[in-house]
Student: 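First the structure, which I've put down as structure tokens, then a few questions once you've had a look.
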Amino acid sequence: VKHPLMHKWTLWFTKPPSGKGDNWNDLLKEVITFNSVEEFWGVYNNIAPTSELALKSDYHLFKEGVRPEWEDVQNKHGGKWSYQFKEKRNVPIDELWLHVMLAAIGETLEEEGDGELMGVVVNVRKGFYRIGVWTRTIGKSIPNGGDGDVAGGKGRSTEKGREILMNIGRKFKEVLKLPASEAVEFSGHTDSAHSGSTRAKAKYTV
Ligand code: M7G
């Protein structure tokens, strides 16, 4: 008997660059798509744990049909909650990433009908691990069926949209078991793309 998940999920991997000239598109690889609890464990038990990945690797677990990129139509008006663990040696990254994946596929990061969660990511970097939760919006309604420029301020910022994002941030912080003194930060992908990296100004914190 297979226990179905609410959505189909695709695991992606970013390979570390092997030399010069590797661009993002050469490095991002689709691994596998699954839609049951049993298949999830089958995949999980057969891939390298995050703690064993080389620097500049990422795992991305996204809803089927959404590429784990800012440019994807379903991400381009969105953003992400993220947290960096700087004590790499002391942090139980495999357990944390597992809990974040389970929260995503178990649909506990958002309320039913929110429709915000796109995927979750773990980055292995020189001085830190970073875990992120990508959302469809930045707390603004998306105009023109998704083609408008939300970052330009045309999207309407709604109290409800913002509250949905804050709830996802709070839930994410809970899954990571972070103390109240630590801040989890939200930033829009447009800011990330413009600054050339994810180190963009935070819009919200929890
Ligand atoms: P990062 O992994 O988000 O953060 O981005 P880091 O700076 O802490 O490593 C690293 C680099 O990967 C970016 O500067 C981009 O060159 C590339 N990159 C990452 N993402 C998520 C994307 C993306 O969605 N689209 C494109 N085109 N490049 C990306």
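Starting from 1, each residue takes its place in the sequence as its number. Ligands are counted one by one from 1 in listed order, and the atoms in each one are counted from 1 as well.
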Student: Whether Lys88 engages the ring of Tyr129 as a cation-pi pair (distance to the six-membered ring centre under 6.0 angstrom, angle to the ring normal within 45°) should be assessed.
Tutor: yes
Student: Hey, is Lys56 one of the residues with a heavy atom under 4.0 angstrom from ligand 1?
Tutor: no
Student: Look at Arg136 together with Asp114 and state whether they make a salt bridge at an N to O cut-off of under 4.0 Å.
Tutor: no
Student: Can you tell me which portion of Trp70 lies within the under-4.0 Å heavy-atom range of ligand 1? Options are side chain, backbone, both, or neither.
Tutor: both
Student: Return yes if a side-chain donor-acceptor contact under 3.5 Å exists between His3 and Glu38, otherwise no.
Tutor: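 Present: a donor and an acceptor within the cut-off.
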Student: In chain order, what residues pass the salt bridge (Lys or Arg N to Asp or Glu O under 4.0 Å) check against Lys63, with sequence neighbours excluded?
Tutor: Glu110
Student: Just heavy atoms, cut-off under 4.0 Å: does Arg125 contact ligand 1 by side chain, backbone, both, or neither?
Tutor: side chain
Student: Could you list which atoms of ligand 1 come closer than 4.0 Å to a heavy atom of Glu69?
Tutor: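 Selected atoms, number and element: 24 (O).
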Student: Ignoring angles and geometry beyond distance, decide whether Arg130 reaches within less than 3.5 Å of ligand 1 through its nitrogen or oxygen atoms.
Tutor: yes
Student: Taking only residues two or more places apart in sequence or in another chain, which ones pass side chain to side chain contact (heavy atoms under 4.5 Å, CB included) with Asn46?
Tutor: none
Student: At under 4.0 Å between heavy atoms, which part of Glu71 makes contact with ligand 1: side chain, backbone, both or neither?
Tutor: side chain
